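The basis for the numbers below is simple: all heavy atoms, side chains too, and nothing from hydrogens, waters or symmetry mates. Because the structure is predicted, anything quoted here is derived from the model rather than measured. Here is the naming used below: chain letters follow the sequence lines, and residue numbers restart at 1 for every chain.
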Amino acid sequence: MHIEGLEGYASIFSPFFGTNQRTDAEGGKNRDDWPKKSHFGSDIQNETTGGTNMARPSSAGELDAVALETALLEQWKQESAFQASIESRRNGAPFIFLEGPPTANGKPGIHHVVARTYKDLVCRWKTMEGFLVERKGGWDTHGLPVEIEVQKRLDLMSNEQIEAFGMDAFNQACRESVWTYEAAWREMTERMAYWVDLDNPYVTLHNDYVESCWWALKQMFDKGLLYRGHKVLPYCPQTGTSYSSHEVALGYKEVEEPSVYVKFKLIDDDASILAWTTTPWTLPGNVGLAVGPDVTYVRCRIKEAAGESWEGVGGAEVGEEIILAKDLMKEVLRHHVDIIDEFPGSSLVGQAYESLFPEAVPRGDSTTAWTVLEADWVTTTDGTGVVHTAVMYGEDDYNLGMEAGLPAYHTVGMDGSFVSGTHPELDGKYVKDCDATIIALLSASGGSNGKGPDSGLLYREKAYSHDYPHCWRTDHPLLYYAMDSWFVRMTAVKEKLLEFNDNVEWAPDWVGEGRFGEWLRNVKDWAISRERYWGTPLPVWRSEEGEMKCVGSIEELQAEVAKAIAAGIENPECPDDVDLHRPIVDNYTLVSDDGKPMHREPFVMDCWFDSGCAPFAQWHHPFDGGERFNASFPVDYICEGVDQTRGWFYTLLAVSATVFDSMAYKRCLSLGLILDAEGKKMSKSRGNIVDPWDHFNREGADATRWYMVTAGAPWNPLKFDSNGVRETYAKMFLTLWNVYKFHVDYAALDGFDPLKSESPVEQRSELDRWILSRLHTVALGYHDGFVNWQYHKACRDLEDFVVNDLSNWYVRRSRRRLWDEAESGDKLACQHTLHEVLTTLCKLIAPVSPFMVDTIHRNLNGSSVHQADWPVGVPGSIDGATADAWDEAAAKATATLPLQDLALEATMTLIRELAEAGRRIRIDVGRRQRLPCAQGWIVAGPDLANFHDLLAEELNVESIHVENDLDRFQRIELAPNFRALAPKARAQVNDVAAAIKGAEDPEALLEAIRNGGADVLGVTVEESDVEVKRVERSGFAAQTVEVGEGEASMHVSLVLDMNDTPALLSKGMARDITRRVQAKRKALDLAIEATIDLEVWMENAPEMLQEDEAWVAHETRSAGCVFHPEGSSAPGEAETFEVDGTIVSFIVS
RNA sequence: GCGCGGGUGGCUUAGUCGGUUAGAGCACCCGGCUGAUAACCGGGAGGUCGCAGGUUCAAGUCCUGCCUCGCGCACCA
C-alpha cells in the first residue's frame, strides 16, 4: 500500500521535497486505519491504575468531553480514586482543610461550583505535594432559612401558627426539609469532581454535633463570657418574629409618616427642649433626651404668632422659650424668635424634664430617667439636634439607656399594642393606630401630662418620607423592639481576636487587614440567641429568681434531670440518645441550688454558632475524637465567598478565641462574588442563577473549572460568561486533546513504549530541548502562582504554553518527524519528549481540571494522575515537614522537571519572531507564501546555524545565509533614554529627546556620543542616555525584530530575496496547483491512498519544469496526469483559480 | 453617610518602580495557510484608560475632589 499522499503533505513546506518520501510502503502499517471516530472510551482500557508497566499508550478518538468525564467518574467510583489518593499519602505531613458547610435546602448554582473549585484545587495540589489532605464534608442544617421554607410550604405565617401546628411536627418538617436538595448537591459535587467525603459528613443537626456546641457554650458560660440582656431587633408583632438584617433588607419600602416635634418641659426652668421623632408610638416610652456635647444649642423666645402659612396641628405662644440646635432653627421653627442664649450641649446635661406620660414607665431606682443625656452620635443633619430616647425601641436608645442607667421598661407588648397602664386612651391599642391619638393628647392644652404650656406639648407635625423596613411576609411595618437576648461578650476578647487575625494568611491580604480587621476593631457582643424553633437549643436553664445553669453535655443533663426529680420536680425520661432539639429539651425542668424550678431559656442559637463550632464539633470533641481534633486544629486552609467575612470567617474565630484561646484557621482564601453576565449578583430572588449542568453537559467540568480559575483573580468579582466556558473548551482542552491525540495515535501505531526505549535528552534536537525547558520554566512559574494564590495567572500562563508553545510550535514543527515511518532516533526523541511534556502537563493541570488529564495520564503511564507527585516537588513527604514549613533543599530535590536551558528558550523566541517577520515581509511586498524565495539573509544576532533548516522551511526559502556586513541591510536609529536623560536635561528633556530622535545623521551623532559625549541643545549626551536601535534599511524586503531586554536586547533583521527565477516560479506554481487539487480531493472525500486522474490547463503561466509537473502528479496521487499546452482551453466543468495573473483550470477524475 | 474593591475599544481583560506607540483574547473586516481542532498565521478597524483638577520634563500608573458599579457597615432619632 502506498502512503505517499500523506508524505506529500509533509513536504509542502519543504524546499527539499522529495527527500523524505518513502517509496516502499509495502508491509508498512496502514496509517489511515486510525480510529478516527472511535469513542474515547476505548482509551480507558487500562484495568490497573497502580501498575507502571502498562506504558504502551493506545490511540485516542475524537474528543467528547462530557462522555469522557462521565466515564471517568464511574471509574473513579469503582476504584475509590478519591480515597486512594489520600491513602497513598497516609505518611505525609497533614494539611488540614475544613469544609464550610452549605445548606442543602436550596438548589446549588454555578457560584457554589466556583467556591468548590478553589477548595478542591488547593486540596488536590497539596495532596500531590505529598501532604495528607483529608476532606470531611459538612452540612449546615439549622436556622431561619430552613424554617422559612417550611413555613411557606405549610402556610404557617406566624409563631402562633407554628405553635398551634405543633413545634414537634414543625421541627420534624424542618429536619426533612434540610435534605430537599441534598441529592442535587451531591450530584453537582460529584460531577464537578469536588473530592470531599460526603459519606461521612458532619451534620449540624446531629446530636453529637449539638452536644459539642453545648459544650462550647458552657466553656463560655464558665468563663463569664455569656450573658443575658436585650437586643433591639426589627420585629413583626403579627408573626411574632424578629428578623435578621438580611431579611429586613427584603422588605424596605418608602413610606410617608407623620413626624412630630415635641416640647419637653424642663422642671427647673420655663423653657422646653424640642425633640423630633418619626415614631410617635415610642413617645410614651420616652425616658431621656440625648444631646451632642459639642453641638451648639440655642434658647430662643417666640416673638410673634406664626404667619398665615402655618398649617397643621401644634404651635407655641408668644413668650414661650424653646431650646434646640442652632443649626436647625431655620429648618424647624415656624415663628420669629429672639435668641436669648447660646451654649454647648454639655451644659444641658443633667437637666430634668416632665415625663410626657407619667404613668407609662416606672422610675424604679433610676436617677437619670427624664433628664438630658449626652451622646456623641447626635448630629444636626435632621430633627432638632435633640434625640428622643425610648430605651426599648431603638438600638442607640437602648445602648444609651444601659450606659446611663435609664429604666428598661416596655410600654408595648409582644403583640404590638400598648401595655395597660401606659395611658387610658392608649392601653391595649395597636401602636401604629395610635399616631393620631398621641398627637391629639400632646396638642391638648397643658399637653398629655397637664404640665406643659397652654399651647400643648406639640410644636409641629410634618409628613416625613423615608425607607422603613416592613415584614416581607405580611407587609406590615416592623417595630424596633428590645428583645430578651443572650450574648457572648466578644468585646472582652477583642485584643485576642485582633492578634489571632494578624497571624492568619489572608488571600487577598486586604480582606484580613481591611474588611475583617475593621469588623474586629468594632467588634460588638455577639447576640447568639434566636426566638425560633429549629436550631441548637440554648442550653441554659433559669429560675424566676434569675439563677442560671448552663448544661454542657447529655450526661450533665441527665444528672441535672435526676437531681430535679430527686427534688420532687416531675420530668420526662432523659435517655442517652435524647434528641437535643426543641421541644424535647424544653420539657425538662431543672432545679436550682436553692430548690427553685428552672426552665430552659426558650431560645435556639444563631446557626452561625453551629458552623463556628465545626473545627471540633465535626469530631464530637471533647466527647470523642480528641486526638483527631488535637491533630487538626487550628486548620490550615479554609476557602469561602467574601460574604462569609462576617459569617463563618468570624464565627470560627469567635468560637475558637473564646473556647480555646486560639486562632481557628491559618490560611483563608476569600472569594469574590459571582455575578451574572450583566454584573448583577447571582441570587435566587433575581432568578439569574446559572445552572452548572448547562456547562457540565456541554463543555464539561474541566472547561468550566478552568474557565472560572482563569477568568480573574479569585477574590475579584467574577462575571460568569457562558461564552467564556465555550472558549476555554475550544482553546485549552481541544488543543490539549489534539496534542495528545497526535502523540498517542502515532505512539500506538509505532508501538512506542516510554519504558522500553530511551532517548537521552542531551541527544535530542533543539526543538525537543526547547519545549522541555519551556515546560520547566512554565512549571516553576505555575507553582509560584499557586503559592501566592495567583491561580489565574498561573493557569493563563500554562494555557498559553499549551496553545502557543506546545501545539502551535512544537507539534506543528514536529508533525513530519512522526509521519516518518522508519524507526529513527529523531522520531523516538520526539515521542519521548511529547510523552514527558504531556505527563508533566497532566500533573500540573490535575488540581484545577482533573478529568481529561487523568484519561491522558492513564493512557500514557498506566496510572492515575491523581496518584502522581507534583512535578515541582513533594514537600509533604519530607521528614519533619509540616503544612507550614519543610526543608526547602530536600523538597527541591524531589522535583521531576526536565532540563532548563534559558539561552535556548531565548534563541527559539528569536526564531519564532523571525518566522513571523518572514510572513510579514511577504504580506508587505505581496509575495505569496507558496512561491519560494531563492535565499534569505539573517543580519546580526546570535549564531542560528542549527535552525537554518527550520527557518528555511518556515519561510519557504531555498537557503538561509548569514550576513556579516550589518550596514548592508541595517541602519541605526537613536532613541532617548528618559530615565537617564531627564535629570540632566530637566525641562529641556523633550526638546533634547526630539533632537536625538530626529538627528539627520544618527551614525555621526552616535559616534560623537561615544567619543566623550555630544552636545545636544547644551546638554552633554552620553552613551547611557540613548538607546541604539538597528532597523532594516528601506528598499529591501526586510523586517527587523527585537528580542531580549535591556542590555541583552538584540536587533535582528531578516531579508528575503525577491528575485524570481523560472525554477522558483515553476516550483511555486506546482505547489499552488497541488494545494488546490488536494483540497479537491478532500472535498470529494477521497481516501488518502486513492488515485486520481488529473488534467491541468493554464493561461499566462510560467514555464513548468518537468520535475515540478512530476511532483504535482506524485503529490496528488495522480495515476494519469496531463498538463495541457498553453493555449488549449479547458472544458466548462473544470475548476478554475487564479494566482499571480496565471489562470489555472483542472479536472480531477 | 463611612470603609473596601472596581471603572482601560462592542465584550472579557493585562498593564511592574511614573518613562513617551496602552498589550492581549473574543467578535468584526481583508489576506494567507491548512490531512491542524471549535484551528493556525499576517494585517486592519475600533481607546478622550469614568470625569475634573493637581504634582512632574513625563500620569492608565502618584495626589485631591467628583461621578458610577459592586460589596460590607451604619442607615438613625
- Task: Consider the side chain of N723(A), meaning its heavy atoms from C-beta on, and name the nucleotide among A77(B), C26(B), C41(B) that approaches it most closely.
- Result: C26(B)

- Task: Tell me, please, which residues at least two apart from D397(A) pass salt bridge (Lys or Arg N to Asp or Glu O under 4.0 Å).
- Result: none

- Write down the distance separating the P atoms in U64(B) and G3(B), rounded off to the nearest Å. 12 Å

- Message: Looking only at the side chain of R796(A) (C-beta and beyond, no hydrogens), which of the listed nucleotides C26(B), U13(B), U37(B) gets closest?
- Response: U13(B)

- Among Y398(A), W281(A), Y480(A), find the one that has a ring-ring contact (aromatic ring centres under 6.0 Å, His included) with Y393(A). W281(A)

- Item | P-based separation of G6(B) from C62(B) [nearest Å] | 10 Å

- Task: Could you give the distance separating A45(B) and G31(B) at their C1' atoms, to the nearest angstrom?
- Result: 15 Å

- Message: Taking salt bridge (Lys or Arg N to Asp or Glu O under 4.0 Å) as the definition, give me every residue that meets it alongside E640(A), ordered by chain and number, with sequence neighbours left out.
- Response: K119(A)

- Message: If the cut-off is 4.0 Å, is N977(A) near the phosphate of G19(B), judged by side-chain N/O to OP1 or OP2?
- Response: no

- Note on the structure: Testing U12(B), G25(B), A77(B) for proximity to the side chain of E727(A), the answer is G25(B)

- Message: Taking the minimum atom-to-atom distance to the side chain of W510(A), which one of C73(B), C4(B), A77(B) wins?
- Response: C4(B)

- Task: Determine the Euclidean distance between corresponding C1' atoms of U48(B) and G9(B); express it in Å to zero decimal places.
- Result: 12 Å

- Task: Using the P atoms only, state how far C49(B) lies from A74(B), rounded to an integer number of Å.
- Result: 39 Å

- Task: Establish, from distance only, whether the side-chain atoms of Y740(A) and D745(A) form a donor-acceptor pair under 3.5 Å.
- Result: no

- Measure from the side-chain heavy atoms of A982(A) and tell me the nearest of C26(B), C57(B), G5(B). C57(B)

- Where the side chain of T278(A) is concerned, which of A38(B), A77(B), C57(B) is the nearest nucleotide? A77(B)

- Message: Output the pairing pattern of RNA chain B as a dot-bracket string, 5' first, Watson-Crick or G-U wobble with both distances under 3.5 Å, | for cross-strand pairs, [ ] for crossing pairs.
- Response: (((((((..((((.....[...)))).(((((.......))))).....(((((..]....))))))))))))....

- Item | C73(B) to C11(B) separation - C1' atoms, rounded to the nearest Å | 33 Å

- Presence of R930(A) side-chain N/O under 4.0 Å of C33(B) phosphate oxygens OP1/OP2: yes

- Is E799(A) salt-bridged to R796(A), going by a charged N under 4.0 Å from an acidic O? no

- Item | OP1 or OP2 of U12(B) under 4.0 Å from side-chain N/O of K719(A) | yes

- Going by atom types alone, do R817(A) and S814(A) pair a side-chain donor with an acceptor below 3.5 Å? yes

- Task: Please measure how far the P atom in C17(B) lies from the corresponding atom in C33(B), and state the result in whole Å.
- Result: 45 Å

- Task: Classify the side-chain pair W519(A)/T645(A) by whether it contains a donor and acceptor separated by less than 3.5 Å.
- Result: no

